[in-house]
Number of protein chains: 2
Amino acid sequence: MTDRTPGRSHRAAPVLTHPDDVPLLTALTALADPVRIQLVRTLADHPDWSLSCSNFDVPVGRAAKSHHFAVLRAAGLVEQRDDGPKRLNRLRREEFDARFPGLLDLALRDDEVS
Amino acid sequence: MTDRTPGRSHRAAPVLTHPDDVPLLTALTALADPVRIQLVRTLADHPDWSLSCSNFDVPVGRAAKSHHFAVLRAAGLVEQRDDGPKRLNRLRREEFDARFPGLLDLALRDDEVS
DNA sequence: CGCACTGTATGATGCTCATCGAACACTCTG
DNA sequence: CAGAGTGTTCGATGAGCATCATACAGTGCG
């Protein structure tokens, strides 16, 4: 049997990891997508752990949304925690800002995404 | 006859344009590429207008290099000027920094691109 | 003029990635 | 246990893009 987080594990997926040493390209690529920018902005407008994935209103299906959250998590932008059947989210503001000062502010500040 | 810059014009290509109101996604996408990051960094290490396109040592052919410069120009990161058969380049530091404060610093500061 | 040099445009190719539908896994409640 | 709700994984599909080879268009020099 493999590692499991207290809540859901979904197949043999390892515990949710949230890296601190993200390469620059990974961070830029993660933010260079309109859907992910929207996710990050929505997240910034709500308290930590107050939103589960299904609460985000983006124009893609569940599968794509799940994929985007995985990308954001791999980029160190989002932390996820399982709570019952839901997966709650939190923007890693300070952590990401420590790694890439000003980048998150830029993504949140600007109104015209494209 | 169409507009021409004093130097080369290449077919009916309009005068080289360098936008100021770049969308956020355009800027992030332009920087989310290892070759373009390298071009920007090389450019930052040399005086304005001191490098022509062929002076940049990136592991791609001439066509791809030309394409990358076009992307950087469209993102407002690079200004180009024709000088005889060469096309000289300049990093639009202040202009880009005014539009996206800190972003260029991040691209230049970090050593580990990927 | 003819040639070398520089850079762009075009067409083709291959790869990455965003997306979807469907199946699956887990949790909780009735 | 059965069913609803939530989210992930898988396979397939399509679009976009990075790249190349080639052809083309300027510039300047002999």
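Proteins come first, then strands; the chains are lettered A, B, ... in the order of their sequence lines, and each starts at number 1. Keep in mind it's a predicted model, so treat the numbers as computed, not measured.
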Does any non-hydrogen side-chain atom of B:Q38 lie less than 4.5 Å from one of B:P59? yes

Considering only heavy side-chain atoms of B:V60, the closest of D:dT6, D:dT19, C:dC20 is D:dT19

Closest of C:dT8, D:dT8, D:dG26 to the B:P85 side chain is D:dG26

Under the criterion side chain to side chain donor-acceptor pair (under 3.5 Å), I'd like the reasoning laid out for A:N55 against A:S52: C-alpha separation, chi angles, the key distance, then a yes or no. CA-CA 5 Å; A:N55 289 326; A:S52 73; 3.3 Å; yes

Quick note, B:H67 side chain, CB onward, closest among C:dG7, D:dT19, D:dT9 is D:dT19

Among the nucleotides D:dG7, C:dT8, C:dA18, whichever has the atom closest to the side chain of A:H68 is C:dA18

Among D:dT8, C:dT10, D:dG7, the one nearest any side-chain atom of A:R73 is D:dT8

* Test item: A:R41 side-chain N/O and A:A107 main-chain N/O as donor-acceptor pair under 3.5 Å -> yes

In A:L77, A:L72, A:N89, A:D48, the residue satisfying side-chain contact (heavy atoms from CB on, under 4.5 Å) with A:L43 is A:N89

A:D83 CG to C:dT27 P, in whole Å, measures 12 Å

Check the hydrophobic clustering (I, L, V, M, F, W, Y; side-chain heavy atoms under 4.5 Å; chains of links allowed) and say if A:V78 and A:L108 are grouped together. yes

- Task: Give a yes/no answer on whether the side chain of B:S52 brings an N or O atom under 4.0 Å of OP1 or OP2 in C:dG7.
- Result: yes

note: A:R87, atom CZ; C:dC28, atom P; distance rounded to Å ~ 14 Å

B:R62 has its side chain closest, among D:dG7, C:dT8, C:dT19, to C:dT8

Hits for side chain to side chain contact (heavy atoms under 4.5 Å, CB included) against A:T29, two or more places apart or cross-chain, chain-then-number order -> A:L25, B:A32

Atom NZ of A:K65 and atom C1' of D:dT9 are separated, to the nearest Å, by 17 Å

From CZ of B:F56 across to C1' of C:dG7 the rounded distance in Å is 14 Å

Between NZ of A:K86 and P of D:dT8 the distance, given in whole Å, is 14 Å

Rounded to whole Å, the CG-P distance (B:L88 to D:dT27) equals 14 Å

Rounded to whole Å, the CZ-C1' distance (B:F69 to C:dT6) equals 13 Å

Winner on side-chain proximity to B:Q80, out of C:dT27, C:dT8, C:dA9, is C:dT8

Separation of C:dA18 atom P from A:L72 atom CG, nearest Å, is 11 Å

Worksheet entry | N/O (side chain, B:S54) to phosphate O (OP1/OP2, C:dC5) under 4.0 Å | no

Review point. Less than 4.5 Å apart, any side-chain heavy atom of B:L104 and any of B:V40?
Key: yes

Note: contacts of residues 27-37 of chain A with DNA chain D (heavy atom, under 4.0 Å) are none

